[in-house]
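Since we're looking at a predicted model, the values are computed, not measured.
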Amino acid sequence: MDKTYQPEQIESRWYQRWENDQRFAPSGQGEPYAIMIPPPNVTGSLHMGHAFQDTIMDTLTRWRRMQGRNTLWQVGTDHAGIATQMLVERKVAAEEGKSRHDLGRDAFIDKVWEWKNESGGQITRQLRRMGASVDWSRERFTMDDGFYKAVQEVFVRLYDEGLIYRGKRLVNWDPTLNTAISDLEVENRDQQGQFWHFRYPLANGVKTDAGLDYLVVATTRPETLLGDSAVAVNPEDERYASLVGKFVELPLVGRRIPIVADEHADMEKGSGCVKITPAHDFNDYEVGKRAGLPLINVFTKNAHILEAAEAFDLQGRPLADIDTQLPSTYAGMDRFAARKAVVADMEAAGLLEKTETVNNTLPYGDRSGDVIEPLLTDQWFVAVETLAKPAIEAVENGDIQFVPKNYENMYFSWMRDLQDWCISRQLWWGHRIPAWYDAEGNVYVARTAEEARAKYSLAADLELSQDEDVLDTWFSSGLWTFGTLGWPEQTPELATFHPTSVLVTGFDIIFFWVARMIMLTLKFTGQVPFKQVYVHGLVRDGQGQKMSKSKGNVLDPIDLIDGIDLEALVEKRTGNMMQPQKAKAIEKATRGEFPEGIEAHGTDALRYTFLSQATTGRDIKFDMGRLDGYRNFCNKLWNASRYVLMNAEGEDCGVDGGKVELSLADRWIISRLQQTEVQVTKAMEEFRFDHASQALYDFIWNEYCDWYLELSKPVLWDDSASAEAKRGTRRTLVRVLEAILRLAHPMMPYISEEIWQRVAPLAGTLSAEGDSIMNQPWPVADESKIDESATRDIEWLKGVIIAVRNIRAEMNIAPGKPLDVMLTKGEAADQQRLEANRLFLAKLAKLSSINWLDNPAEAPLSATQLVGEMEVLVPMADLIDKDAELARLTKEIDKQDKLIQGIERKLSNEGFVAKAPAAVVEKERSKLAEFQAARRLLVEQQEKISAL
RNA sequence: AGGACCAUAGCUCAGUUGGUUAGAGCGCCACCUUGACAUGGUGGAGGUCGGCGGUUCGAAUCCGCCUGGUCCUACCA
């Protein structure tokens with residue numbers, strides 16, 4: 001073995017072996033355990049969020065597999081409609097100077113598939129680097145044939161049940177992407193905007209109670225004036241009561257529009273009058289519904305002004321009797337240009353009363369970054385109400401549990417106020433909607449055109465054309481848990497692995513994905529999709545900032561694994577930026593934070609860092625310091641193993657039946673191992689990966705390495721130890737290490753496998769050539785091996801050794817200088833422990849002698865420490881710096897005084913003595929005695945030194 | 001506006017039903033290349049547990065209010 005741990009050599013080798021040996025596939029034995037990977041975008045690349053999530057899923061999967069469960073971790077990728085289409089559009093534009101429309105639908109889709117085949121491997125390669133033990137043989141894609149079948153089935157069945165409908169509705173429209181998007185894809189951003197107050201002249205000479213011949217309405221969107229179909233006042237508003245039913249003359253347009261009463265108008269705001277544009281505002285749409293107003297659309301799909309408006313009734317039927325003329329000056333104008341023009345024209349007409357600056361919130365498309373426009377379009381919707389009810393109940397009754405639980409509230413509050421889901425997208429990349437139209441526009445929903453003809457008894461020669469739209473990506477990913485298992489076929493996999501065990505996901509897609517999976521899965525399988533949802537937070541940078549390209553603070557998990565030099569990192573962060581002006585600052589910050597670039601840390605260290613930071617339900621600030629720390633931890637484990645192998649390979653490790661004697665240290669470490677096994681297992685069950693990793697870290701470093709390995713040296717290296725004792729220690733060294741490796745394997749798959757291959761044969765656990773730690777049993781604690789008395793003895797031993805080390809440090813005695821030490825006071829047990837552990841004490845505390853002093857009064861001048869009741873004495877005749885030592889003692893005495901006072905205060909409180917449990921009071925009393933003893937010793941010492 | 005979560009050492013975080021001398025890692029200081037490991041060893045410094053009030057014999061822990069931060073939902077004509 002190399003002297004230092006070098007992860008890169010180990011990792012690729014082992015992953016390949018595991019994959020070739022097909023160790024990731026379900027065993028077919030034992031209770032099923034299934035996790036569905038949240039499918040990453042097929043053309044995406046691995047970011048820190050994926051790496052974190054994959055680590056958690058892999059840890060769970062490997063752990064359950066070792067526990068003997070029939071484990072499936074289902075892998076796959078998502079076609080990600082909008083994201084992928086945009087990416088390919090941009091690529092085609094850059095490389096060929098063509099738009100998708102230049103290419104045409106079929107050619108463009110071919111391009112997307114080409115790109116998918118070319119780049120779709122990146123994310124899966126990176127998943128392999130993370131060590132993910134997914135079953136590659138079952139890899140799925142949300143656009144593969146089987147999935148298309150599931151999507152069609154669901155769509156047709158929902159339609160036939162009346163749960164999918166088509167209609168002209170106001171939807172969130174992205175004028176850049178030219179598609180509808182869902183509420184969830186809209187990002188609200190606060191901004192400073194203008195607020196214009198316009199005068200709308202009253203028609204037919206009507207005047208307000210105040211004698212004015214106009215009403216004042218205010219708007220942040222003057223261009224929508226062109227589509228106004230009413231002015232609303234509050235029905236309670238006495239100022240305008242007489243005007244309800246009268247008309248105003250819409251400025252610039254000249255259309256007469258009514259004044260209606262509607263509660264939407266807020267009497268407190270502005271003049272109390274509000275313009276109503278049902279085709280361009282969601283609130284106004286509702287007002288329009290209540291008041292029976294026409295919907296007047298003035299925008300093209302690109303949000304340019306139409307030559308003539310389009311008027312519809314609430315069912316979306318064209319209205320013929322509405323004046324749809326618009327002033328020709330605006331025709332073809334972009335909405336923002338039109339806004340300026342309308343304001344200017346209103347001002348010129350003397351109808352602009354005033355302008356204010358206000359803070360308002362604008363909707364932006366999360367993909368395009370463009371301002372979203374409420375627009376009247378024909379879309380497909382899922383009526384969610386009947387689907388939501390059982391989905392709510394499943395969480396209420398505990399069939400699905402969120403971890404942590406408080407996310408259930410978030411889920412409920414959303415599910416209880418659900419809007420119908422707009423599932424059509426005006427894109428090309430995605431599942432095409434299985435609906436056909438005849439020339440009259442009648443719609444026929446079926447899996448194929450042929451089926452449609454049969455189903456609706458259509459003439460064979462009736463020309464049918466398929467709907468141009470595709471489905472929202474989340475419609476197909478909503479079928480993920482059962483679609484991947486072969487549904488609508490009733491496959492054995494579906495019977496075995498569904499419902500799945502746990503979904504590991506970020507809180508940000510609870511609405512997008514989790515809620516919809518629950519609804520659709522319950523509807524079509526009658527089962528919940530998963531029994532638990534483990535919700536994790538966002539991975540942020542070390543300062544708690546969201547990682548983003550524009551901030552230049554993105555860390556690539558692969559760079560943390562392999563390392564990256566500074567220049568490459570700077571290039572990566574500043575190259576190809578949307579806002580190149582930020583490059584300088586980012587470069588400076590990067591050079592400041594990573595002056596040497598980033599070292600290689602290996603996958604295991606990265607995984608361990610994620611796990612150690614995986615506190616439930618909160619964001620994690622990725623800590624480079626921890627990453628270094630866990631890389632060092634890997635090195636520690638590596639070197640401890642080197643030590644074990646050096647002392648065990650080629651030696652009799654007591655696994656072949658020879659007589660074996662266990663030392664105190666052997667019994668102690670075996671006992672501690674059992675307790676660690678309990679702790680780690682419990683933590684895993686509770687999804688407390690931070691606790692699991694911490695418990696293992698402590699055990700490996702602070703107990704196995706710091707104490708047990710040191711305690712093994714006297715046995716192995718001292719000629720006086722018996723062959724049985726040496727065998728016992730070798731066996732314990734090897735077997736405890738072997739168990740440690742199994743405990744570590746779900747968290748650190750690579751290093752544990754690499755070392756295990758060398759250690760297992762010595763421990764007698766390797767059953768066959770080519771065996772893997774992956775398939776070994778998870779360690780189960782044996783209670784009978786928990787040895788309290790060994791633990792007490794070792795604590796005593798450690799106490800004495802630490803006392804001597806303390807004295808050395810305080811007295812400035814060279815660490816290597818052999819000392820003569822005496823023990824005194826204390827009990828008979830202390831004396832026995834001394835006799836039993838003389839060898840260990842001498843070796844670990846570097847003593848030339850250690851003896852029991854029967855009569856404490858005979859003690860020479862010594863530096864002292866207490867271990868329980870017993871005193872450890874290091875005779876110091878000529879080594880003491882009198883003043884320094886007196887100062888130290890005074891400080892120590894003060895410290896003890898404070899502790900003593902604190903306890904005395906408690907004990908003199910009658911309430912405490914009367915009401916606190918007896919055990920608590922007793923504990924305080926014994927602490928008091930302990931502190932007082934320590935104080936007495938210090939005072940004695942002080943007296944002795946003063947007397948010098 | 002409503003709600004959720006968070007605030008513990010210089011930094012990143014543990015602290016499970018109230019009782020610990022409040023812990024870990026990194027960083028810092030001192031000493032040490034001892035035959036697994038300097039990606040190491042030994043010892044150490046460092047915290048009025050955001051603030052105020054309450055409940056209790058006892059509060060980092062429970063309750064209320066306040067401050068600061070993160071996020072979600074809604075609204076903003």
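Between A9(B) and U70(B), the distance separating the two C1' atoms is 23 Å to the nearest Å. Here the separation of A74(B) from A4(B), taken at their C1' atoms, is 15 Å to the nearest Å. Nucleotides G43(B) and A59(B), compared at atom P, are 34 Å apart to the nearest Å. Comparing the C1' positions of G18(B) and G54(B) gives an interatomic distance of 15 Å, to the nearest angstrom. Between A38(B) and U33(B), the distance separating the two C1' atoms is 8 Å to the nearest Å. Atom name P, nucleotides G68(B) and A30(B): the rounded distance is 41 Å, in whole Å. C37(B) sits 44 Å from G50(B) when the P atoms are compared, rounded to a whole Å. Distance check on atom P: C57(B) versus C66(B) gives 28 Å, rounded to whole Å.
Between the C1' atom of G19(B) and the NZ atom of Lys923(A) lies a distance of 7 Å, rounded to the nearest Å. Per the geometry, OH belonging to Tyr704(A) stands 11 Å off C1' belonging to A36(B), to the nearest Å. One can place CD of Gln543(A) at 10 Å from C1' of C11(B), the figure rounded to the nearest angstrom. Computed from coordinates, the Lys621(A) NZ to A7(B) P distance equals 10 Å when rounded to whole Å. To the nearest angstrom, C1' of C72(B) lies 13 Å from CG of Leu538(A). Spacing between atom CG of Asp628(A) and atom C1' of U39(B) amounts to 9 Å, rounded to whole angstrom units. Atom CG in Asn806(A) sits about 14 Å away from atom C1' in A45(B), given to the nearest Å. In this structure, Tyr5(A) atom OH and G40(B) atom P are separated by 14 Å, rounded to whole Å.
Side-chain atoms of Thr615(A) and base atoms of C13(B) include no donor and acceptor less than 3.5 Å apart. Judged by distance alone, with hydrogens and angles left aside, Arg631(A) brings a side-chain donor or acceptor within reach of the base of U39(B), the pair sitting under 3.5 Å. For Lys3(A) against C37(B), a side-chain-to-base donor-acceptor contact under 3.5 Å is absent. Residue side chain Gln613(A) does not reach the base of A14(B) through any donor-acceptor N/O pair under 3.5 Å, judged by distance alone.
If you check every strand for non-hydrogen atoms under 4.0 Å, Trp196(A) touches nothing. Contact annotation for Lys713(A): base contact, defined as any heavy-atom pair under 4.0 Å involving a base atom. Within the 4.0 angstrom heavy-atom criterion, base atoms lie near Arg626(A). Counting non-hydrogen atoms under 4.0 angstrom, Trp638(A) reaches nothing in the nucleic acid. Residue contacts shown for Phe931(A) include a base, since a base heavy atom lies under 4.0 Å away. Lys906(A) comes within 4.0 angstrom of the backbone, heavy atoms only, and of no base. The residue Ala914(A) sits apart from the nucleic acid: no heavy atom pair falls under 4.0 Å. Nucleic acid contact for Asp266(A): base, since at least one base atom lies under 4.0 Å from a heavy atom of the residue. As judged by a 4.0 angstrom heavy-atom cut-off over every strand, Glu710(A) is placed among the base-contacting residues. Using a 4.0 Å heavy-atom criterion, one finds that Arg540(A) contacts the sugar-phosphate atoms exclusively. Here Val217(A) lies out of heavy-atom contact (under 4.0 Å) with every strand. Among the protein residues, Cys634(A) comes within range of no part of the nucleic acid, since none of its heavy atoms lies under 4.0 Å from any strand. Counting any heavy atom pair closer than 4.0 Å across all strands shown, Gln896(A) reaches no nucleic acid atom. Within 4.0 Å of Thr220(A), counting heavy atoms only, lie sugar-phosphate atoms of the nucleic acid but no base atom.
Side-chain contact of Ser712(A) with Tyr643(A): a donor-acceptor pair under 3.5 Å is present, judged by distance alone. Side-chain contact, Thr277(A) with Asp228(A): a donor N or O sits under 3.5 Å from an acceptor N or O.
Between Asn632(A) and the phosphate of G40(B), there is a side-chain N or O to OP1/OP2 separation shorter than 4.0 Å. Put simply, Lys636(A) has a side-chain N or O that comes within less than 4.0 Å of OP1 or OP2 on G41(B). Neither OP1 nor OP2 of U73(B) sits under 4.0 Å from any side-chain N or O of Arg416(A).
C28(B) is paired with G44(B) under the Watson-Crick or G-U wobble criterion, all donor-acceptor distances under 3.5 Å. For C49(B), there is no paired base (Watson-Crick or G-U wobble, both distances below 3.5 Å). Partner assigned to A14(B) is none, using Watson-Crick or G-U wobble distances below 3.5 angstrom. Across all strands shown, A7(B) pairs with U67(B); the Watson-Crick or G-U wobble distances both stay below 3.5 Å.
Comparing atom distances between the Trp717(A) side chain and each of G35(B), G19(B), C37(B) picks out G35(B) as nearest. Of the candidates A4(B), G15(B), A77(B), the closest approach to any side-chain atom of Ala265(A) belongs to A77(B). Distances from the side chain of Ala809(A) to the nucleotides A24(B), C31(B), G43(B) place G43(B) closest. Among the nucleotides G43(B), U20(B), G15(B), the one closest to the side chain of Ile802(A) is G43(B).
The number of heavy-atom neighbours closer than 6.0 Å to CZ of Arg905(A), taken from other residues, nucleotides and ligands shown, is 12 or below.
Within the cation-pi definition used here (under 6.0 Å to the ring centroid, within 45° of the axis), Lys636(A) does not qualify as a partner of Tyr704(A).
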| said: Pair Tyr630(A), Ser693(A) - check side-chain hydrogen bond (donor to acceptor under 3.5 Å, both in side chains), show working. | reply: CA-CA 10 Å; Tyr630(A) 294 123; Ser693(A) 61; 5.3 Å; no
| message | Pair Arg758(A), Ser641(A) - check side-chain hydrogen bond (donor to acceptor under 3.5 Å, both in side chains), show working. | response | CA-CA 9 Å; Arg758(A) 303 276 301 267; Ser641(A) 306; over 6 Å; no
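Annotation: of the two residues near RNA chain B, Arg221(A) and Lys843(A), the 5′-most nearest-nucleotide partner is Lys843(A). Of the two residues contacting RNA chain B, namely Leu709(A) and Leu899(A), the nearest-nucleotide position lying further toward the 5' end is that of Leu899(A).
Checked against Trp414(A) for a ring-ring contact (aromatic ring centres under 6.0 Å, His included), the options Phe507(A), Phe511(A), Phe512(A), Tyr407(A) give a single hit: Phe511(A). Considering Leu741(A), Val644(A), Ile10(A) as possible partners of Ile755(A), the one that fulfils the side-chain contact (heavy atoms from CB on, under 4.5 Å) test is Leu741(A).
Classified by interplanar angle (parallel below 30°, tilted 30° to 60°, perpendicular above 60°), the ring pair Phe52(A)/Phe610(A) is tilted.
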